[in-house]
Trainee: 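Before I ask anything, let me first share the structure, which is written out below as C-alpha cells.
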Amino acid sequence: MGFFIFNNKTHNIFRKEDNNMAYEHTAIENKWQKYWQDNKTFKAILDTSKPKYYALDMFPYPSGQGLHVGHPEGYTATDAVSRMHRMQGFNVLHPMGWDAFGLPAEQYALKTGNNPKDFTNKNIQVFKKQIQSLGFSYDWDREVNTTDPKFYKWTQWIFEQLYKKGLAYEDKIMVNWAPDFMGGTVVANEEVIDGKTERGGYPVYRKPMRQWVLKITEYADRLVDDLDDLDWPESIKEQQRNWVGRSTGASVFFNVDGHEDAKVEVFTTRPDTLFGAAYIVLAPEHELVEQITIADQADSIKKYQDEVSRRSDLERTDLNKDKSGVFTGAYGINPVNGEKLPIWIGDYVLASYGTGAIMAVPAHDERDWEFAKKFGLNIKPVIEGGNVEEAPYIGDGAHINSDFLDGEQKAEAISEMIVWLEEHQAGEKKVNYRLRDWIFSRQRYWGEPIPVIHWEDGETTLVPENELPLQLPDTNDLEPSGTGESPLANIDDWVNVVDENGRKGKRETNTMPQWAGSSWYWLRYTDPDNDMELASQEALKYWSPVDLYVGGAEHAVLHLLYARFWHKVLYDLGVVPTKEPFQKLVNQGMILGENHEKMSKSKGNVVNPDDIVNQYGADTLRLYEMFMGPLEESVPWGEKGLHGSYKWIQRIWRLMVDEDGKLRDEVTSDNDGKLDKIYNQTVKKVTDDFDRMHFNTGISQLMVFVNEAYKADKLPVEYMQGLVKMISPIMPHVSEELWSFFKISDTIAYQTWPTFDESKLVEDEVEMVIQINGKVKGHLKVSKDLGKEEIKKLALANEKVQETIDGKDIRKLIVIPGKIVNIVI
RNA sequence: GCCGCUGUGGCGGAAUUGGCAGACGCGCUGGACUCAAAAUCCAGUUCCUUCACGGGAGUGUGGGUUCGACCCCCACCGGCGGCACCA
C-alpha cells in the first residue's frame, strides 16, 4: 500500500463537506456535447491526402416510441471505432439519418386527420435529441431523411434508371391482398406470416393485381457469388444464399401421349434418377392441365382446382402435410426409356417454383414417396441401398435399373444424364432460383411516388428527369381509396395530368415500399447536398465502400439483399465504383430484459435510455453496453452491472483528480518504471481488441491497468494521458474533461492514439509450468533463453516433482521452452 | 424436418496458435475508515473434502485423437435464430 492510498484516506475526511469536485456527469456531458456541436468537431471533409474510414449504422425508423436501449449498442460500437480511427489518422465518415417513410405515420394520419409529414418530423426531432444526448460523433451536417424531397428525388431517379434498363416492369400478378388492413392494401410476401399481415395480423388473400416489380432475379447469381469476398458473418451469408436458393439441375421434356403439341417441362436436381420416374405431377394452376385432362376426369380435376384455390398458404403448407392430388387421365412419355407415366395434379407442387411441374421419383424422394404410397403408385428403386417399400432412400449409391448409368455414383450419373438429355433434345442443364422478383409497389400515401404517368392512349412514360422530385401532395385529409389503390387516387389535382398536346393522363398512385430509401442511403451521406447527382463521382470514389456496417440481424435478408441489388445496378451504370456496398458487416445482438426475455411493453421489462442518461450519464450507458458482453451476442440487461460501470468511471476520475478538482500530485513526469509493463501490455491489448470490436475484453484490460495504477506511488503523466485516450472512444465526455487537465489541446478527438514499446513487454525471466501426467505440480522461473536440457534438469530437481515421481520410470518428457514441461510416468 | 449459431462458477462473461480453466465486472464474505450508515480502499470467493497443510473432481452428455483438449474428430442432449412440400 503506497502513500497515495494514505493520501486518499486523508482527503476522504473532507469529502463530506466538499464533494463539489466529484465526477458530475450531467455538467460534463452537456458541456462537451455543446463544444462538439459549436465547433463542428466531427465534420468530415473530403481530403484525399488522408486515408478514409466509413463507419455506418443502420439508420433507424423514427418511431413515436423513441429510442430503445438496443439502439445505442450498435451506435456506440461504430462510434468507438470511428473515434479510434480518427486518433489513428483516418479521415472518418460517420453519419446518421432517418428511414422515415413507413406505416405507423400513415396509420396515425388516417386515424387523426393529421399529415404524416408533421408527425414524422416531430418524431425525428425526439430521436435526434435522444441520440445526441449519447454523445455520438456524427457529422450532423450530413444528416439524411428519406422523406425529404431532396433525398427522394434520387430514389425516384434510381427507379427511372431501373425502368430504362428493363429492370422495373408492371405485371398483373398474384399478390397478398389484405382488404381489412388500412382500408385495403397489398403486402409483400415477407410481410405475411401464417396467412396474416406481420403488422396488425389482418387476413391475407391471394388476388391478381397490377403491380410494379423489380427484376432482382436477373442479379441472382451475382448476389450469391459476390458474397464470397465480403467480411460478413457466415450466418448472414448463408441466409442470403438460402433466400436466393440457387439450385442446379436439369430441365427434362416429357411428350404427352396423344397430344402432339403438348410437352411437359419439369425441373429436377436429380436427372440421374430419371429411370426411376414413376409419374408426373403438375401444379393445379399449370397451364397444360385443361388441355390434357381426359373427359372422364374433368369434373374431379375442376373440383380439386377450386378447392386448392380457396386454400390459404397456411393450409397448403404448415397445417396440411397430407398429400393430395387427382389423376388427369393423361400420360407422359419418359424420354429415356419410353415408359408411359401417369400425369397427376397435386398442390405439393408449387406453380411459383421451377416450371410448376415435377417428375416424381418416389423411391428416392420423400414427398414423392408419400404421394405414391397414398395413391398406390409404382415405386421403383434406381439407387442401391435402403428398402424403398419401407422408406425412400435419399443417400448416394450405385445406380441400378438405369441402363447406361448402372453402377455409377450420383455426381457422375447426373452429368452423364445431362449429356444424354442434351444429345437427344430431351432436356438441358438448368439453374433454378427460389428468389422471386421484388414486388415494388404499395397502395399507400406515405412513400416515394413512383414517377410514372399512364396516358389515355395506353402509353406509359416516366416523369422527365428534370421534373424530379415528383413530390407527394400535402394533405391533412387522407382517405382510404377502398379500391385497393393508395389514398393518392383521391387527390384529383395531383393524379390528373395533361401534356402539351392536350393528352390526358393519370399519375401512378402506387408508392414505393419502405425498402426503397434504405437501398441506397449510404451513398447520399458522401455528398448529401448535391442537386445535380445522387452524389459526386469524387465523393463516391473517395468514401466507397462502407468499411463497417453495424445493425440488427433482422435485416439479414431483405434490406441487405435489396441494397446489394441496387448497388450492383448502379455499379453497372458506372455510378458507384464498387461491386458491393458494405465490406464488413457486424450484427449486434439483442439487449434482453433482466429476466432474459426480449424487452417488450407487455412484459414490463423495457429500459428507457433517457432514464439511464439522467441517472448515470451517457458515458456510463455506453461503457456498460460495451462491457456487458460480446457485441454480437444477446445479453440480458442488469441494473447492478450498470451501476458497476458508473463506479468504475468515478474510480478513474478519482485516480487522476483530487478533492480540489486538480490533477493529483502523483501524476508526474517522473517515471519509476513500475507501470511500464502493464501500461504497454494494456496499449497493445486495447488497440487490438477495439480493432476487432472486442470491447468487453479491451475494457477489462483497462480495468486491470487502473487497478495496478491504484497500487502505484507515481503515475507517469504519459501513461495517464494514454489511459484517457484509450477510454475516450467508449466514454468520450469524461475523457474530454480529464484531457483538459493536461492543457495540451482543446479536444482529445484528434490526438494520436497511444503506441506501445515492444521491448517493455519481454521479460528476461519467464515462469514455466511443470506438469506430471498433465497435472500442474509446480512452477519454474527461468531465463527466457534457457535451453531444453537445462530446463529438464531444473524441472527434475524440483522437490515436488521428485516426491511425485518417487523413483518411478519416466516414460516421456516434453519440454516447450518458455511454456511447459510435461513429465509422463 | 433441413441449415446456421451456441452450451464454462451464484450471475454477465475471459482463455489470440492444442499448453496453469474461471481474466475483468456483478454479487457475496471479511478487514480498514466512521459514533453509525453510505461511499471508498484492501483482501478472499468453481465445487467437494479437510481445523489446517493437503487431496479429489470440474468447461452440456458419452466416446476418440494427443505427452497435454473449453479448443480438434465422432455420436447424442438442451437453448437461440433462420428456412420450411423449392423438386
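What's counted below: heavy atoms across the whole structure, side chains too, no hydrogens, waters or symmetry copies. The structure displayed is predicted, hence computed values, not measured ones. Letters A, B, ... mirror the listed sequences (proteins, then strands); counts begin at 1.
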Trainee: Closer than 4.0 Å, any side-chain N/O of A:Arg241 to the OP1 or OP2 of B:C3?
Mentor: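 Negative; the distance criterion is not met.
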Trainee: Among B:C85, B:G19, B:U40, find the nucleotide with the atom closest to the side chain of A:Arg654.
Mentor: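 Nucleotide nearest to A:Arg654's side chain: B:U40.
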Trainee: How long is the line joining CD1 of A:Ile652 and C1' of B:U40, in whole Å?
Mentor: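 Going from CD1 in A:Ile652 over to C1' in B:U40 covers 16 Å.
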Trainee: N/O contacts under 3.5 Å, protein versus nucleotides 8-17 of chain B?
Mentor:
{"unit_1": "B:G12", "atom_1": "O2'", "unit_2": "A:Met628", "atom_2": "O", "d": "2.6"}
{"unit_1": "B:G13", "atom_1": "O3'", "unit_2": "A:Asn696", "atom_2": "ND2", "d": "3.4"}
{"unit_1": "B:A14", "atom_1": "OP1", "unit_2": "A:Asn696", "atom_2": "ND2", "d": "3.1"}
{"unit_1": "B:U16", "atom_1": "O4", "unit_2": "A:Lys685", "atom_2": "NZ", "d": "3.2"}

Trainee: Working to the nearest 0.5 Å, report the span between CD1 of A:Ile358 and CG of A:Asp368.
Mentor: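 One gets 4.5 Å once the value is rounded to the nearest 0.5 Å.
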Trainee: Is the phosphate of B:G25 approached by A:Arg651 (side-chain N or O, under 4.0 Å from OP1 or OP2)?
Mentor: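 It does not, given that no N or O in the side chain of A:Arg651 lies less than 4.0 Å from OP1 or OP2 of B:G25.
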Trainee: Does B:G25 have OP1 or OP2 under 4.0 Å away from a side-chain N or O of A:Ser645?
Mentor: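 Result: no.
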Trainee: For RNA chain B, list all stems, counting runs of three or more consecutive pairs where every pair is Watson-Crick or G-U wobble with both distances under 3.5 Å.
Mentor: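 Listed by first number, the stems are B:1-7 with B:77-83, B:10-12 with B:24-26, B:27-32 with B:40-45, B:46-49 with B:54-57, B:60-64 with B:72-76.
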Trainee: When rounded to the nearest 0.5 angstrom, what is the spacing between CD1 in A:Ile652 and CE in A:Met703?
Mentor: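 Those atoms lie 8.0 Å apart.
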Trainee: Out of B:C85, B:G25, B:C67, which nucleotide sits closest to the side chain of A:Asn707?
Mentor: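 Taking heavy atoms from C-beta onward, the closest nucleotide is B:G25.
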Trainee: So that I can tick it off, tell me whether A:Arg654 and A:Glu659 are bridged by a salt bridge, with the cut-off set at under 4.0 angstrom between side-chain N and carboxylate O.
Mentor: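 No, this pair does not count.
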Trainee: Give the rounded distance in Å between these two atoms: CG of A:Asn773 and P of B:G55.
Mentor: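 The distance from CG of A:Asn773 to P of B:G55 comes to 15 Å, rounded to the nearest Å.
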Trainee: When you compare B:A75 with B:U65, how far apart are their C1' atoms, in angstrom units rounded to a whole number?
Mentor: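 Nearest-Å result for B:A75 against B:U65 at atom C1': 15 Å.
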Trainee: Roughly, in whole Å, what's the span from NZ in A:Lys430 to C1' in B:A87?
Mentor: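 Those two atoms, NZ and C1', are 13 Å apart.
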Trainee: Starting at the 5' end of RNA chain B and moving along, which residue's nearest nucleotide shows up first, A:Thr268 or A:Met703?
Mentor: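 Going by which nucleotide is closer to the 5' end, it is A:Met703.
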Trainee: Can a donor-acceptor pair under 3.5 Å be found between the side-chain atoms of A:Lys711 and the base atoms of B:C42?
Mentor: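 In this structure, the two groups form no donor-acceptor pair.
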Trainee: Which whole number of Å gives the distance between the C1' atom of B:U46 and that of B:U29?
Mentor: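 Looking at atom C1' only, B:U46 and B:U29 are 16 Å apart.
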Trainee: In whole angstrom, give me the gap between the P atoms of B:G13 and B:C80.
Mentor: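 Approximately 15 Å lies between the P atom of B:G13 and that of B:C80.
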Trainee: Quick one: is A:Asn822 getting a side-chain N or O under 4.0 Å of the B:C20 phosphate, OP1 or OP2?
Mentor: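 Indeed not, no polar side-chain atom of A:Asn822 lies that close.
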Trainee: Could you tell me the separation between the CD1 atom of A:Ile649 and the C1' atom of B:C26, rounded to a whole number of Å?
Mentor: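 Those two atoms, CD1 and C1', are 16 Å apart.
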Trainee: Would you indicate which nucleotide in B:G19, B:C42, B:G27 comes nearest to any side-chain atom of A:Ile820?
Mentor: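 Selected nucleotide: B:G19.
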Trainee: Run the salt bridge (charged side-chain N to carboxylate O under 4.0 Å, His left out) test against A:Lys684 and tell me which residues pass, sequence neighbours left out.
Mentor: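 A:Lys684 satisfies salt bridge (charged side-chain N to carboxylate O under 4.0 Å, His left out) with no residue once adjacent residues are dropped.
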Trainee: In terms of the nearest nucleotide of RNA chain B, which residue is placed more toward the 5' end: A:Ile823 or A:Val776?
Mentor: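 Residue closer to the 5' terminus by nearest nucleotide: A:Val776.
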Trainee: Quick one: A:Ile699 CD1 to B:C26 P, roughly how many Å, whole number?
Mentor: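 After rounding, the gap between these two atoms is 13 Å.
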Trainee: Please collect all side chain to side chain donor-acceptor pair (under 3.5 Å) contacts where either partner lies in residues 356-365 of chain A, sequence neighbours excluded, each pair once.
Mentor: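 Residue pairs with at least one partner in residues 356-365 of chain A: A:Asp365-A:Arg367.
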Trainee: Between residues 230-239 of chain A and RNA chain B, which residues have a heavy-atom gap below 4.0 Å?
Mentor: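 Residues of residues 230-239 of chain A under 4.0 Å from RNA chain B: A:Ser235, A:Glu238, A:Gln239.
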Trainee: Report the nucleotide, chosen from B:C67, B:C20, B:G25, that has the shortest atom-to-atom distance to any side-chain atom of A:Val769.
Mentor: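 Of B:C67, B:C20, B:G25, B:C20 is nearest to the side chain of A:Val769.
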Trainee: For A:Lys237, check salt bridge (charged side-chain N to carboxylate O under 4.0 Å, His left out) against everything at least two apart and list the hits.
Mentor: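 Expected list: none.
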Trainee: Could you tell me the separation between the CD atom of A:Glu370 and the P atom of B:G1, rounded to a whole number of Å?
Mentor: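 Distance check: A:Glu370 CD to B:G1 P gives 13 Å.
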Trainee: Taking atom P in both B:U34 and B:U8, compute the distance separating them and give it to the nearest angstrom.
Mentor: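 One P to the other, the span is 45 Å.
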Trainee: Cationic tip of A:Lys323 within the cone over A:Phe371's six-membered ring, i.e. under 6.0 Å and within 45° of the normal?
Mentor: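 No, A:Lys323 does not lie over the aromatic ring of A:Phe371.
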Trainee: Where does B:G30 fall, syn or anti, if syn means a chi angle no more than 90° from 0?
Mentor: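 Here B:G30 takes the anti form, which means its glycosidic angle is more than 90° from 0.
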Trainee: Here's one to test your reading of the geometry: is the NZ or CZ of A:Arg651 within 45 degrees of the ring axis of A:Tyr710 and under 6.0 Å from its centre?
Mentor: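 Yes; both conditions hold, so A:Arg651 lies above the ring face of A:Tyr710.
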Trainee: Please round to the nearest 0.5 Å and tell me the distance separating atom CG of A:Leu761 and atom NZ of A:Lys685.
Mentor: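 Going from the CG atom of A:Leu761 to the NZ atom of A:Lys685 covers 13.0 Å.
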Trainee: Provide the distance between the two P atoms, one in B:C76 and one in B:C2, to the nearest whole Å.
Mentor: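 Pairwise P distance, B:C76 against B:C2, rounds to 10 Å.
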Trainee: Within this structure, what is the CD-to-P distance between A:Glu639 and B:G27, rounded to whole angstrom?
Mentor: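 So the CD-P distance, A:Glu639 to B:G27, works out to 11 Å.
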Trainee: Does NZ or CZ of A:Arg564 fall inside the cone over A:Trp232's six-membered ring, less than 6.0 Å from its centre and within 45° of the axis?
Mentor: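 Yes, A:Arg564 lies over the aromatic ring of A:Trp232.
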Trainee: Expressed in whole Å, how much space separates the P atoms belonging to B:G62 and B:G9?
Mentor: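 Result for the P pair: 15 Å, nearest Å.
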Trainee: How long is the straight-line distance from CD1 of A:Ile418 back to CG of A:Leu274, given to the nearest 0.5 Å?
Mentor: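 Answer rounded to 0.5 Å: 11.5 Å.
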Trainee: Can a side chain N or O of A:Arg434 be found less than 4.0 Å away from OP1 or OP2 on B:A84?
Mentor: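 Yes, such a contact exists.
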Trainee: With P as the reference atom in both, quote the distance from B:U17 to B:C71 in angstrom, rounded to an integer.
Mentor: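 Those two atoms are separated by 15 Å.
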Trainee: Okay, side chain of A:Thr620, backbone of A:Ser645: is any donor-acceptor separation there less than 3.5 Å?
Mentor: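 Not at all, since once roles are kept as given, no pair shorter than 3.5 Å links the two residues.
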Trainee: Starting from the C-alpha separation in whole Å, work towards a yes-or-no answer on ring pair (Phe, Tyr, Trp, His ring centres under 6.0 Å) for A:Phe705 and A:Tyr679.
Mentor: CA-CA 7 Å; A:Phe705 176 72; A:Tyr679 175 77; 5.7 Å; yes
Trainee: Rounded to whole angstrom, note down the C1' distance from B:G1 over to B:C11.
Mentor: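 So the two C1' atoms sit 36 Å from each other.
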Trainee: Which atom pair, heavy atoms only, marks the closest approach of A:Val607 to A:Val69?
Mentor: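 What the structure gives for the nearest pair is O-CG1, 3.6 Å.
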Trainee: Quick one: A:Tyr710 OH to B:C42 P, roughly how many Å, whole number?
Mentor: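 The answer, rounded to whole Å, is 8 Å.
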